[in-house]
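These values consider heavy atoms only, across backbone and side chains, with no hydrogens, waters or symmetry-generated copies.
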Amino acid sequence: MLPPGGVRKGVASCGVPLRTCTGPLQYHIHSRRKTFCSNQLVPSRWQHTARKGHTSTQALIQPTSLQRQNSRANSSLARPKVATRKGHTPHQPVNKPATSGTTGVGDDAQSILPAISPRASELSKEIARLGKLQANYYDALSRHRQSDVLWLTWEERREVPSSSVNGWITRPQESRNSKRYGISLQNVFVPQVVGCISDINVRKKILSWEQDTCKDLAPLFKEMVISRAKVAHLAGFKSYFDYRSQKKMMDTRSVELFLKNLKSQIAPHTDAFMESALEQKMQALDYDFTIKKLRSKLRPGKTIRDYQLHDPEAQINWGDLAYYQGRKNGSFFAPKSPEDPDFSDYFPADYTVRSLLKSFGDLLGMSFEEILPGHKYYQAQVTSYLETQGLAARFADELDIFFVYDTTALNPKPLGFLVLDLKERDGKAREIFCTTFAHTIMSHDDAQWKVQVPRIAIVSTYNRARPKKPTLLTHHEIKAFVHELGHAIHGLARGSKATTDPRDFVEIPSIMAEFWAHDPHVLQRISCHYTYLKPEYLVGWTDSWKEKHPSKNLPPQPPQKPPLEMFSEIAFRRHPQNDLYLTLRLLWMSMFDLSIHSSSEEELRSMDIGVGCRQILDEWTGIFTPFDGKGESQNNSYLHWSILRYYNTSAYCYLLAKVYTYDLWSKHFAKNPFNQRAGRRYRKIVLEHHDTPVSWNPIHNFINFLLWKIFGVPRTHMEALTKFMGRKPSSRMFIKALNAPANRNQTFWRRMGIRMGVRGNASLVQGYQIGGSIEPQLGDVDLGFISSVYKFVYEYEY
């Protein structure tokens, strides 16, 4: 089971009671009449105490020389000018912004030591140096991602669909080199490419290039993480991970425990998956091989792992795992015949996006009202977005602007503005992301109230529509948009307050939103065949079909809504057993992130990070790294992981969100994804939550404690999740879903319940929900019921 939300109980990450820790330069934290040494982990709730205009740690930490002041002097630390005793020099607390947008340390690192501290100037210099190191590193990485190209022949790239690559890099046709098709880290996601290639040697070639293409950046990366460790040491923390855990739900010890527990819980399924991949790989190499035969030949005390260590051909790498995971899941929405409608035909971009906004709005009590040119708010939002993005005014026609307001209040309350910039254009990055680009103050017509609301944009690069065919979305694009929409809704719900969310919480709303993108009923609701939108689209569909099948009669127009069976493959792929590849990859990244950022400066200087990355991959996932036999085996894939740039010390947040959202979904939305009561509770309790600052006044803290215990007013994000669930979130439902059989036709019993006018938990067909699937439990049935079943099965099969 998971740890109880990483709740600290007076013990530092080293396992020593905080009260007993000492250090070369002691700074103490005063709260609730207890004194703790700041060179250890500070309890996260105590880091949110900051009076208006000051950072949180500035209000908490003071040097030993100020401890002897009276309580009045202590309470004045949060003020702009600190009152001191005679003989002490008054000082202004350090309060500077982060020196770089990529430093990841922010105000806390600048204000962690008072200005009179001997270490304050050294800390400030190290933070500035860290900002420059990170800027230089990511600039160099960006150049590598664009310039480092792996060239392939037609035979090597033959099995890779063009949809998996954002444009092949091609050499001139007159070139005599047969390797004319290039890929770079900028235009491909390597696991998606190797997952399509059956040739073992080609997969190994691509994987070896991917892990060594940025190898020359290893010294700069090492210098950067050493600088981070030095910043943490100067700030009085054991490690950089401890320092960044101040404002997170889980501390270092809790994260390590969470990852170890998750590894042990998924181990049986991981072992079965690896054995299946090994068996398929050896048979592809023309060996008469089965796992059963191998076990019978092993010597006593030997394992399959020992056999793989002595036979390089039997070693499973990431490329092998991606390929055999794809074979296990099967082809994705491959039409059975030319007459069958394509999946994307049911998801025209404009219709699907607006249907998603309406569905989430109805669920959460929010309204997305599209505003057009001429509306009083339109021009201000367009101008603000174009200016922040550096775009010309001619791109204004490509934007969709939505005014978002709360529909649950008697008087509609404005929540903010949502800008959709989804069309491709020259120079636009091939990615999708969500960003808050500005804030604005809105006032009522009679100016009786004013409120500050965010302006949020979702940016993507969908193909442009043609005269007779609109932009169509794949399921992957739908899921990616819903993920970013989850971030946008979270930002709109929480408003413009100054407090920030814990870094390990921010992915929970977005990954929670993905469950709706995998539910067959939701997909059916937001779908509509594009031929029903405009007459010219029907003409274009007819002409295209006749061109492809000139000798066949024109079939009837496809139905406006697809059948639920069309989406059974999506529910099947959502099953945790069919997502083990991604789970193992996130486990590897999370443990690597924890390992390097919880190490001290001295440990990092003597560490070979590439070897350490390979060892973590080996020990935590059982996956081998391709090795050329020269020197000690290294894995340098970490050098280009985006997750280490945007979520350093919080890479585990995706795994945590994946586990917790299974718990949230299974309890409140699995049986009815359109449950408005649960959706609005989720918005009010979880999405709108702001952590309650811990006051210097113990009476205020005691009142907040009573409000939580008696009235359930949450103080932290973990308490907000606990209130919504009625208990602390855990991994129980995720493991239950993992242990449930993966059934491809997961919509069968739910569809049957709808046909007979009952739901999954009705008296005739009673079911229990496991990870998105309903398993039947038939009670007393009569002839009418059997007749209904027979009729449904007949229609389904024929």
Side-chain angles (χ1 to χ4, degrees), residues 152 155-161 163-165 183 188-211 263 266-295 303-305 307-309 311-334 476 569-589 614 617-627 635 637 738-744:
L152 303 172
E155 287 300 320
E156 291 173 332
R157 61 133 289 187
R158 174 174 52 87
E159 298 171 294
V160 182
S163 59
S164 299
V165 180
I183 59 174
V188 301
F189 179 53
V190 171
Q192 191 173 4
V193 172
V194 297
C196 303
I197 298 176
S198 59
D199 191 310
I200 295 174
N201 293 324
V202 176
R203 292 201 302 264
K204 185 176 180 180
K205 172 184 175 180
I206 296 175
L207 210 64
S208 299
W209 165 80
E210 182 259 350
Q211 70 183 28
K263 175 180 178 291
I266 68 173
H269 302 281
T270 301
D271 293 343
F273 181 33
M274 298 292 288
E275 290 175 2
S276 174
L278 173 60
E279 189 172 285
Q280 294 180 71
K281 181 177 181 179
M282 298 304 286
Q283 290 173 359
L285 292 170
D286 296 328
Y287 286 98
D288 181 16
F289 182 94
T290 63
I291 295 297
K292 187 176 181 180
K293 289 181 180 179
L294 176 61
R295 283 202 175 100
T303 62
I304 296 177
R305 184 74 179 173
Y307 169 76
Q308 291 178 300
L309 290 171
D311 187 355
E313 288 187 335
Q315 296 178 359
I316 302 295
N317 56 47
W318 276 121
D320 300 330
L321 208 62
Y323 176 70
Y324 294 116
Q325 174 83 72
R327 289 193 60 183
K328 176 186 177 183
N329 291 348
S331 59
F332 200 29
F333 303 122
H476 174 75
E569 183 76 9
I570 293 178
F572 170 74
R573 283 180 166 242
R574 183 66 177 178
H575 195 284
Q577 287 185 22
N578 302 321
D579 201 26
L580 277 176
Y581 175 88
L582 179 59
T583 303
L584 290 174
R585 193 169 181 87
L586 287 174
L587 187 64
W588 174 35
M589 293 177 174
R614 190 262 306 164
L617 175 65
D618 188 6
E619 296 171 5
W620 279 74
T621 65
I623 299 171
F624 290 87
T625 297
F627 182 46
N635 191 314
S637 301
L738 186 64
N739 293 331
N743 179 17
R744 277 187 179 273

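- Judged purely by distance below 3.5 Å, without hydrogens or angles, the side chains of Gln280 and Tyr323 never pair a donor atom with an acceptor atom.
- Scanning both residues, Gln211 and Asn635, for their nearest heavy atoms gives OE1-ND2, 3.6 Å.
- Here OH of Tyr287 is found 13.0 Å from CG of Leu294. Values are rounded to the nearest 0.5 Å.
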* Asked: Given Tyr581 and Arg585, is the side-chain contact (heavy atoms from CB on, under 4.5 Å) satisfied, shown in steps?
  -> CA-CA 6 Å; Tyr581 175 88; Arg585 193 169 181 87; 3.9 Å; yes

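- A donor-acceptor pair under 3.5 Å links the side-chain atoms of Gln577 to the main chain of Ala740, judged by distance alone.
- One side chain, Glu159 or Ser198, offers a donor N or O that lies under 3.5 Å from an acceptor on the other.
- For the atom pair CH2 (Trp588) and OG1 (Thr583), the distance works out to 15.0 Å, reported to the nearest 0.5 Å.
- The two residues Val194 and Arg203 make their nearest non-hydrogen contact at O-CD, 3.4 Å.
- Interatomic distance, Glu155 CD to Asp199 CG, rounded to the nearest 0.5 Å: 10.0 Å.
- Rounding to the nearest 0.5 Å gives a distance of 11.5 Å between CD1 of Ile266 and CG of Asn739.
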* To do: Verify side-chain contact (heavy atoms from CB on, under 4.5 Å) between Leu321 and Met274, making sure each step is shown before the conclusion.
  => CA-CA 8 Å; Leu321 208 62; Met274 298 292 288; 3.6 Å; yes

* May I have the step-by-step check of side chain to side chain donor-acceptor pair (under 3.5 Å) for Thr290 and Glu279, ending in yes or no? => CA-CA 6 Å; Thr290 63; Glu279 189 172 285; 5.1 Å; no

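- A heavy-atom distance below 4.5 Å is not found between the side chains of Pro626 and Trp209.
- No donor-acceptor pair closer than 3.5 Å links the side chain of Glu313 to the backbone N or O of Met282.
- For Phe289, there are no ring-ring contact (aromatic ring centres under 6.0 Å, His included) partners two or more places apart in sequence or in a different chain.
- Atoms CH2 and CG, from Trp318 and Leu584 in turn, are 5.5 Å apart once rounded to the nearest 0.5 Å.
- Distance alone, capped at 3.5 Å, is enough to place a donor-acceptor pair between the Asp320 side chain and the Asn317 backbone.
- The minimum heavy-atom distance linking Leu207 with Gly319 is given by the pair CD2-N, 3.5 Å.
- Side-chain atoms of Thr621 come within 3.5 Å of backbone atoms of Leu617 as a donor-acceptor pair (strictly under, hydrogens ignored).
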* Verify salt bridge (Lys or Arg N to Asp or Glu O under 4.0 Å) between Arg614 and Glu619, making sure each step is shown before the conclusion. => CA-CA 9 Å; Arg614 190 262 306 164; Glu619 296 171 5; over 6 Å; no

* Asked: Checking side-chain contact (heavy atoms from CB on, under 4.5 Å) for the pair Ile206/Ile183: CA distance, chi angles, key distance, verdict?
  -> CA-CA 9 Å; Ile206 296 175; Ile183 59 174; 4.3 Å; yes

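- For Gln308, there are no side-chain hydrogen bond (donor to acceptor under 3.5 Å, both in side chains) partners two or more places apart in sequence or in a different chain.
- A salt bridge does not link Asp579 with Arg574: none of the charged nitrogens is closer than 4.0 Å to a carboxylate oxygen.
- Atom CG of Asp311 is surrounded by more than 12 heavy atoms from other residues, nucleotides or ligands within 6.0 Å.
- Taking all atoms of both residues into account, the shortest heavy-atom contact from Cys196 to Val160 is CB-CA, 4.2 Å.
- When all heavy atoms are compared, the tightest approach of His575 to Leu738 is CE1-O, 3.9 Å.
- A salt bridge between Glu156 and Lys205 is present, with a side-chain N of the basic residue lying under 4.0 Å from a carboxylate O of the acidic one.
- Residues Tyr307 and Ala314 share a closest heavy-atom pair of CE2-CB, 3.6 Å.
- If you take CG on Asp271 and OG1 on Thr303, they are separated by 10.0 Å, rounding to the nearest 0.5 Å.
- Residues passing the side-chain hydrogen bond (donor to acceptor under 3.5 Å, both in side chains) test with Gln315: none are found, sequence neighbours excluded.
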